[in-house]
Amino acid sequence: MKTHEINGIRPFSALIDACWRDPYSLQRLLKDAIAGVTVGIIAIPLAMALAIASGVPPQYGLYTSAVAGIVIAISGGSRYSVSGLSGLLIATLLSGLFLVIMGLARFGRLIEYIPLSVTLGFTSGIAITIATMQVKDFFGLQMAVVPEHYVGKVYALLQALPTLDFGDTLIGAVTLLILIFWPKLGLRVPGHLPALLAGTAVMGILALFDHPVATIGSRFSYLLADGTHGQGIPPILPQLMLPWDLPAGDGKPMALSWQTLSALLPAAFSMAMLGAIESLLCAVVLDGMTGKKHNSNTELIGQGAGNIIAPFFGGITATAAIARSAANVRAGATSPVSAIIHALLVLLALLVLAPWLSWLPLAAMASLLLMVAWNMSEAHKVVYLLRRAPKDDILVMLLCMSLTVLFDMVIAITVGIVLASLLFMRRIARMTRLSELSADNGRLVLRVNGPLFFAAAERIFNELLVRSENYDVIVLQWDAVPVLDAGGLDALQRFIEALPAGKQLAITTNTAD
């Protein structure tokens with residue numbers, strides 16, 4: 001057992017392994033600094049875009065990226081993960097508690113038991129939902145109310161298409177095209193900043209013709225404690241606050257009660273499940289890129305700690321982001337220090353760049369999230385699964401995807417795992433069969449091949465009863481039975497009771513006849 005391991009959990013394992021066990025040099029610090037700045041450039045616009053998509057002002061996304069980014073980098077179990085966000089404050093805090101409980105209960109490795117068809121289904125469903133939410137700002141549609149449910153939302157968007165704004169659409173299209181084609185240039189500089197600059201330049205050209213477009217500053221405003229009022233993002237650091245003292249949907253402080261917490265628990269659990277799965281999948285991807293190994297339980301605890309602390313500074317749900325984390329590795333990161341530097345850069349942007357960030361067009365931000373949704377969907381894997389996978393896996397994936405879009409992620413994961421398990425058991429049960437070894441002189445010798453469990457046993461012994469009808473001695477060879485459960489034993493007992501008087505049954509694990 002390693003010196004800092006507690007009940008199989010290694011607190012701060014990523015930071016200790018990367019900066020203590022591996023000697024940390026000035027050269028490594030420089031690499032981490034370059035990587036941190038690179039990822040910070042990506043994180044600043046994305047954090048704001050994701051906050052807007054979550055229904056909160058953009059500065060809360062920056063608070064999340066900064067506060068949770070530092071906490072998770074210090075306490076997490078993956079050296080290279082960089083955290084993103086989504087959700088609301090109290091539900092975020094509850095989701096953090098769920099994540100810590102999962103880590104302490106050592107659930108980190110359970111991610112391996114969730115089938116690919118389920119994870120692809122719900123991540124693709126979330127990607128579809130995110131992409132749909134960006135249609136309004138991408139095309140500059142005029143909508144007084146956006147329905148909550150997906151079908152109603154799509155119908156309302158279709159009805160609003162005649163209000164399409166040419167300027168917003170042009171900005172969105174230019175930004176998106178640069179995001180798509182920038183990687184083909186082979187440059188190490190991320191395409192997010194050039195794409196945003198191009199979108200903002202198009203906005204400037206449109207302004208010459210007096211064509212207004214929606215920006216962060218035109219949609220969002222703030223009021224500081226000293227009475228200062230402004231548009232866009234307040235140029236201040238995250239302030240310590242109690243999440244439940246912030247205004248609720250009706251503008252009044254939320255009444256913290258058991259009823260309120262009970263209503264938020266399903267959403268919090270959904271956020272925790274998404275955070276756990278996304279973070280652990282991200283850590284696995286980074287392991288493959290770097291040859292290092294993450295500590296899954298510590299990673300869950302680190303993610304939980306970040307989500308518990310962030311709401312007290314205005315932060316919403318944070319989880320490891322595969323795109324940013326991969327960019328972190330490609331930029332030369334060697335330790336969690338790069339994620340800390342990225343978070344510090346976000347804080348610096350709050351103080352220095354807030355007035356400029358308020359000029360970013362919402363259509364360009366929508367383009368960023370469309371690219372996030374595309375990457376999250378892993379469309380190439382979905383297409384491959386549709387073309388190559390068994391029909392059972394395709395059914396599970398499509399069902400999870402549909403349930404995620406139309407209802408809820410928890411429902412999708414629950415139904416998906418149950419259905420996948422049932423279909424898997426049916427598939428395994430069909431592999432169990434009887435093969436005849438010999439049949440002469442009133443003696444029948446059969447071999448049972450495969451697991452003899454509840455899903456297969458009834459069929460096997462019914463078949464055995466029919467095949468042994470004309471024989472006085474039945475010999476069963478069980479050398480090829482790897483599993484025998486209570487259902488198999490019960491079916492065996494009932495078979496023995498159903499045998500006619502005078503028939504003999506022998507069971508052997510000896511391969512010799």
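Residue Glu148 places its CD atom among 12 or fewer non-hydrogen atoms of other residues, nucleotides or ligands, all under 6.0 Å distant. Atom CZ of Phe424 has 12 or fewer neighbouring heavy atoms from other residues, nucleotides or ligands inside a 6.0 Å radius. The number of heavy atoms from other shown groups lying within 6.0 Å of NE2 (His149) does not exceed 12. Within a 6.0 Å sphere centred on OH of Tyr471, heavy atoms belonging to other residues, nucleotides or ligands number more than 12. Atom CD of Glu436 sits in a crowded spot, with more than 12 heavy atoms from other residues, nucleotides or ligands closer than 6.0 Å.
Using modelled atom types, one finds no donor on one side chain facing an acceptor on the other under 3.5 Å when comparing Ser124 with Ser377. In this model, no donor atom of one side chain and acceptor atom of the other lie less than 3.5 Å apart for Thr129 and Tyr150. Judged by distance alone, the side chains of Asp479 and Thr509 never bring a donor and an acceptor atom under 3.5 Å apart.
Contact detail for Gly172 and Ser367: the closest heavy-atom pair is O-OG, 2.7 Å. For the pair Gly304 and Leu99, the tightest heavy-atom approach, listed with the atom from each and the gap, is CA-CB, 3.6 Å. Heavy-atom minimum distance, Ala480 versus Asn449: CB-OD1, 3.6 Å. Nearest heavy atom pair, residue Thr319 against residue Ser279, reads OG1-OG, 2.9 Å. When all heavy atoms of Trp478 and Leu484 are compared, the closest pair comes out as CZ3-CD2, 3.5 Å. Here the shortest heavy-atom pairing between Pro147 and Ala156 reads CD-CB, 3.7 Å.
Atom-to-atom distance recorded for Leu158:CG and Leu161:CG is 5.5 Å, nearest 0.5 angstrom. To the nearest 0.5 angstrom, Gln134 atom CD is 9.5 Å from Leu368 atom CG. Taken from CD1 in Ile474 to CG in Asp472, the straight-line distance is 9.0 Å, to the nearest 0.5 Å. Considering OG of Ser117 and CG of Leu395, their distance stands at 9.0 Å, rounded to 0.5 Å. Of the inter-residue distances, the one linking Leu176 atom CG with Leu369 atom CG reads 11.5 Å to the nearest 0.5 angstrom. Distance check, rounded to the nearest 0.5 Å: CG of Leu300 to CD1 of Ile101 gives 12.0 Å.
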Worksheet item: Hey, mind stepping through Val483 and Leu452 against side-chain contact (heavy atoms from CB on, under 4.5 Å) and telling me if it holds?
Response: CA-CA 6 Å; Val483 174; Leu452 201 55; over 6 Å; no
Item to complete: Might you work through the side-chain contact (heavy atoms from CB on, under 4.5 Å) test for Leu94 and Leu265, ending with a clear yes or no?
Response: CA-CA 7 Å; Leu94 294 174; Leu265 282 177; 4.2 Å; yes
Item to complete: Report the C-alpha distance between Arg106 and Ser296 in whole Å, list the side-chain angles of each, state the deciding distance to 0.1 Å, and finish with yes or no for side-chain contact (heavy atoms from CB on, under 4.5 Å).
Response: CA-CA 8 Å; Arg106 302 173 67 179; Ser296 56; over 6 Å; no
Discussion item. Assess the residue pair Asn307 and Thr92 against the criterion (side-chain hydrogen bond (donor to acceptor under 3.5 Å, both in side chains)); give the C-alpha distance rounded to whole Å, side-chain angles, the decisive distance to 0.1 Å, and a yes or no.
Written reply: CA-CA 6 Å; Asn307 284 288; Thr92 296; 5.2 Å; no
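With Thr123 contributing its side chain and Leu120 its backbone, the two residues share a donor-acceptor pair below 3.5 Å. Put simply, the side chain of Asp485 gets close to the backbone of Gly487: a donor and an acceptor are under 3.5 Å apart. With hydrogens and angles disregarded, a donor-acceptor distance shorter than 3.5 Å links the side chain of Arg459 to the backbone of Thr432. In this structure, the side chain of Lys153 does not engage the main chain of Val146 through any donor-acceptor pair within 3.5 Å. Within the 3.5 Å criterion, the main-chain N or O of Glu469 finds a donor-acceptor partner in the side chain of Lys503. A side-chain donor-acceptor contact under 3.5 Å links Asn462 to the backbone of Glu458. In this structure a side-chain-to-backbone donor-acceptor pair under 3.5 Å is present from Asn297 to Gly108.
Looking at Phe454 and Asp490, their side chains never come closer than 4.5 Å, going by heavy atoms from C-beta outward. Within the 4.5 Å cutoff, side-chain heavy atoms of Met371 are placed close to those of Ile180. No side-chain heavy atom of Leu446 sits less than 4.5 Å from a side-chain heavy atom of Leu437. No side-chain heavy atom of Val481 sits less than 4.5 Å from a side-chain heavy atom of Pro451. Using a 4.5 Å heavy-atom cutoff, the side chains of Asn441 and Val473 are not in contact. With contacts defined as side-chain heavy-atom distances shorter than 4.5 Å, the pair Leu434/Ile460 qualifies. Here the side chains of Thr119 and Phe122 are in contact, with some heavy-atom distance below 4.5 Å. For the pair Val448/Gln477, no side-chain contact is recorded, criterion being any heavy-atom separation below 4.5 Å from C-beta on.
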Distance-only check: which donor-acceptor pairs under 3.5 Å involve side-chain atoms of residues 270-278, not counting sequence neighbours?
{"from": "Ser270", "atom 1": "OG", "to": "Pro266", "atom 2": "O", "distance (Å)": "3.0"}

Considering only distance and modelled atom types, tabulate donor-acceptor pairs under 3.5 Å from the side chains of residues 382-392, sequence neighbours left out.
{"from": "Asp392", "atom 1": "OD1", "to": "Arg426", "atom 2": "NH2", "distance (Å)": "3.2"}
{"from": "Asp392", "atom 1": "OD2", "to": "Arg426", "atom 2": "NH2", "distance (Å)": "3.3"}

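Ring pair Phe461/Phe495 is tilted by interplanar angle, where 30° to 60° counts as tilted.
With respect to Glu463 and Arg433, no salt bridge is recorded, no charged nitrogen being found less than 4.0 Å from a carboxylate O.
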